[in-house]
Number of protein chains: 2
Amino acid sequence: MYLTNTNAFVFLIVYSLEKNSPLKRKITLKHIARELGVSISTVSKALKNSEEIGSDTKERVQAFAKLYNYKPNNIAISLKNKRTKNIGVIIPDIVHHFFTTVFRGIEKYANAKGYNVIVCVSDESFDKEVINMELLANGSIDGFIMALSSGTQLKNDYNHLKEVTEQGIPLVLFDRVAEDILCDKVIINDRKGAYNAVTKFIKDGRKRIALITSEDYISVSRERAAGYKEALLDNGIGYNEDLILKFPSMEISENLIEDFFEREKVDAVLSVNEIFAIHGMRYIQSKGLKIPKDISFIGFTDGLLSKYASPGLTAIAQHGEQMGEIAAEILIEKIENDMEEETYVTRVLEPTLIERGSTVN
Amino acid sequence: MYLTNTNAFVFLIVYSLEKNSPLKRKITLKHIARELGVSISTVSKALKNSEEIGSDTKERVQAFAKLYNYKPNNIAISLKNKRTKNIGVIIPDIVHHFFTTVFRGIEKYANAKGYNVIVCVSDESFDKEVINMELLANGSIDGFIMALSSGTQLKNDYNHLKEVTEQGIPLVLFDRVAEDILCDKVIINDRKGAYNAVTKFIKDGRKRIALITSEDYISVSRERAAGYKEALLDNGIGYNEDLILKFPSMEISENLIEDFFEREKVDAVLSVNEIFAIHGMRYIQSKGLKIPKDISFIGFTDGLLSKYASPGLTAIAQHGEQMGEIAAEILIEKIENDMEEETYVTRVLEPTLIERGSTVN
DNA sequence: AACTTCAACTAAAACGTTTTCGATAAATTT
DNA sequence: AAATTTATCGAAAACGTTTTAGTTGAAGTT
């Protein structure tokens, strides 16, 4: 075709001389231009099929580019366009089924839209969250999706988020959010999830309904506890602080569980996560009690454990994947049409009760 | 100090005029240079504390930079240095405990070394793997860490990997690897893990030892099946194909499980993953048989399910986090000292048997 | 013949850095 | 006093693109 043998030959010589190892170095517009005796701009336009360029040169350039497998350099394009096509995701923990599920939703949607995802794990630490965020904010990404670390929620310091949004970088918070931050959010109705679970217990005739939870500074735990209390009061069942077992960390202490169940007589347990629920169930079963006959269990987060426990754990599904997709959708919308009017939405997803063997039905 | 009020004032005016919204736009070297009446190179050097620059201008520049929170643009630096400080991770599935664990190891090590991680999920698809890889290879990353998708292993086509390595981009494969690819690898000794598990069964007096596995084109399954067979033969127990239950996909068919256990009398089961094992245990328990008295179970991948099953599932731990750290270490070493001699290592980790209630001890 | 129009192409700036090679003036040496 | 050194600083290229604003020569118009 339009490629002369001499041209191709010269090119190969040049490139095999540069390195003695057989490295196929990436080719650039400049190389194509030089070999074909045209300017860089012509090559750039020819590859975009611009009307400005004659059809014969377009063919020559395109053939050459294909032959040498030219692919534009992402970094150069990012610098020029001030658009990286990357989105930053900061989550407290990657080895956590719910976050992983959300991440899958984000990744799926983002990828379909041509975005890549850079993940940073805050490890529940405020400092790491700040460091990671500042690092990514310096040009590496076009927007953030994140769930606050517990360290940040405890410290209640959101200056790093404010700085980012003030720079005009879009931010979407999911699951672990904070009132004071002006940005888009996507959460599930945790309060309602707990409310519905407790209501189900009561309909099933349960009277002494316990709650296993973590410390209140985690926004979701707080919401769930509120729903628990509300359902009890709405149904004329007293709210009794003694029926709340609060773990100070994610480290489960079997002693606390034992003390609690020895002290309090309960016939139903709502847990803010799977792990606490499974531990409770194991303890109850080890005491020879039957689930759900003697005690019912419902746990938040419909993960693997709920599904494969014996009996299966009735769960409040949080629709993580959907949450991730929505977060990504909102973010990319903001990135691509960065309108000046600052309007923020909060999408609230409805939780679903997945009934299994740990409750009667 | 060296900042005059007028300077700062002018600057603020300029920036608040540019946008009517209160956007704190990122400041660049050029801005600092203009405001301070020096050249860009001087600013650049001053910020690096270069000896070339007089101490008073250094102070002026540094103070100004600090005041306006100057941070260098990562993209520009990447373009200049041809180093992104990003590593690309491609895994088949993120909602999978083992991969997640490896990812954590990668992220932890990479972050400590100042690298960010871009994750792409191949979804077990050859095409997605290729697309993602080519996308990232165009300048977005300094190296790859990946586990092959099942689609790729089935197709047995590794040209996308070859292209990347031929371009001089370092690649580390983990867990799901292939012989033919010339690159660094980190795997666990799957064969030995299976061998040890079966040996334990035999020591416990088991005779009819079943294997639940997936199709052979998954490299790890193949290795595990080999270890299973080897242990049987080494101990003078016949290798019987009828005792192998092979699932065609990750979708579990309860019928296949039922047929299998109805047809074959077994007293021990080795499973190539947790899920298959848990399903087997549930079926056995539903038939009123006792674990481990009537049937023992051991499963690969020491994940959440093994830990929380009843009884706990004795598991072959794959040390995912360690695997991730090692992969990242090898990769970053290759990135930072890209020596010309191409030598590739394969690190083989030893599996560990975690004994729980599903086996006797 | 002088003009406009058009097709086809190029130069150069820009994105934000880093770095090499000067340039200038002051300080030091001879 | 002339020559040399030293301390500070700046111009410009480079990384690989995109895009604006030309430039050129040929064709068409009056």
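Chain A is the first sequence line, chain B the second, and so forth, proteins listed ahead of strands; every chain is numbered from 1.
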Where the side chain of B:K185 meets the backbone of B:A178, is there a donor-acceptor pair that is under 3.5 Å apart? yes
Figure out the CG/C1' separation between B:N81 and D:dG16, and round it to whole Å. 14 Å
Establish, with yes or no, whether the OP1 or OP2 oxygen of D:dG10 is under 4.0 angstrom from a side-chain nitrogen or oxygen of B:S39. yes
Protein-nucleotide distance (A:I75, atom CD1; D:dT18, atom C1'), rounded to Å: 16 Å
Would you classify A:S78 as touching base, sugar-phosphate or nothing, given that sugar-phosphate means primed atoms plus P, OP1 and OP2, and contacts are heavy atoms under 4.0 Å? nothing
Can you check whether A:H160 and A:F126 have ring centres sitting under 6.0 Å from each other? yes
Hey, which sits more toward the 5' end of DNA chain D by its nearest nucleotide, B:L79 or B:G54? B:G54
Separation of atom CG in A:N49 from atom P in D:dT18, rounded to whole Å: 14 Å
Taken to the nearest whole Å, NZ/A:K48 to C1'/D:dT20 is 15 Å
Distance in angstrom units between B:K30 NZ and C:dA13 C1', rounded: 9 Å
OP1 or OP2 of D:dT8 sitting under 4.0 Å from any side-chain N/O of B:K58? no
Counting the atoms with a prime plus P, OP1 and OP2 as sugar-phosphate, which does A:I77 contact under 4.0 Å by heavy atoms, base, sugar-phosphate, or nothing? sugar-phosphate
Heavy-atom donor-acceptor pair, A:K45 side-chain to C:dT10 base, under 3.5 Å: yes
Evaluate B:E134 against B:N138 for side chain to side chain donor-acceptor pair (under 3.5 Å), listing each step before the verdict. CA-CA 7 Å; B:E134 291 186 344; B:N138 297 320; over 6 Å; no
Rounded to 10°, tell me the angle between the two end axes of the helix from C:dA1-D:dT30 to C:dT30-D:dA1, each built from five pairs. 70°
Yes or no on side-chain contact (heavy atoms from CB on, under 4.5 Å) for B:T346 and B:V177, after CA distance, side-chain angles and deciding distance? CA-CA 10 Å; B:T346 296; B:V177 305; over 6 Å; no
Which comes earlier along DNA chain D counting from the 5' end, the contact point of B:E51 or that of A:K80, where each point is its nearest nucleotide? B:E51
Can you tell me the distance, in whole Å, between the CZ atom of A:R34 and the C1' atom of D:dG16? 13 Å
Spacing of CG belonging to B:N132 relative to CD1 belonging to B:I90, to within rounding of 0.5 Å: 5.5 Å
Out of C:dT17, C:dT10, D:dT8, which nucleotide sits closest to the side chain of B:E52? D:dT8
How close or far is atom P of D:dT18 from atom CG of A:L47, stated in whole angstroms? 8 Å
Surrounding NZ of B:K113 (heavy atoms of other residues, nucleotides or ligands, distance under 6.0 Å), is the total greater than 12? no
Distance below 4.0 Å between A:S41 side-chain N/O and C:dC9 OP1 or OP2: no
Just the rounded figure in Å: distance from C1' of D:dT17 to NE2 of A:H31. 14 Å
Quick one: is B:T42 getting a side-chain N or O under 4.0 Å of the D:dG10 phosphate, OP1 or OP2? yes
Whether A:D184 and A:R347 form a salt bridge (side-chain N of Lys/Arg under 4.0 Å from carboxylate O of Asp/Glu) is what I want to check. no
Atom CD1 in A:I27, atom CD in A:E35: separation rounded to 0.5 Å? 7.5 Å
Does B:Y70 place a side-chain N or O at less than 4.0 Å from the phosphate oxygens OP1/OP2 of C:dG16? no
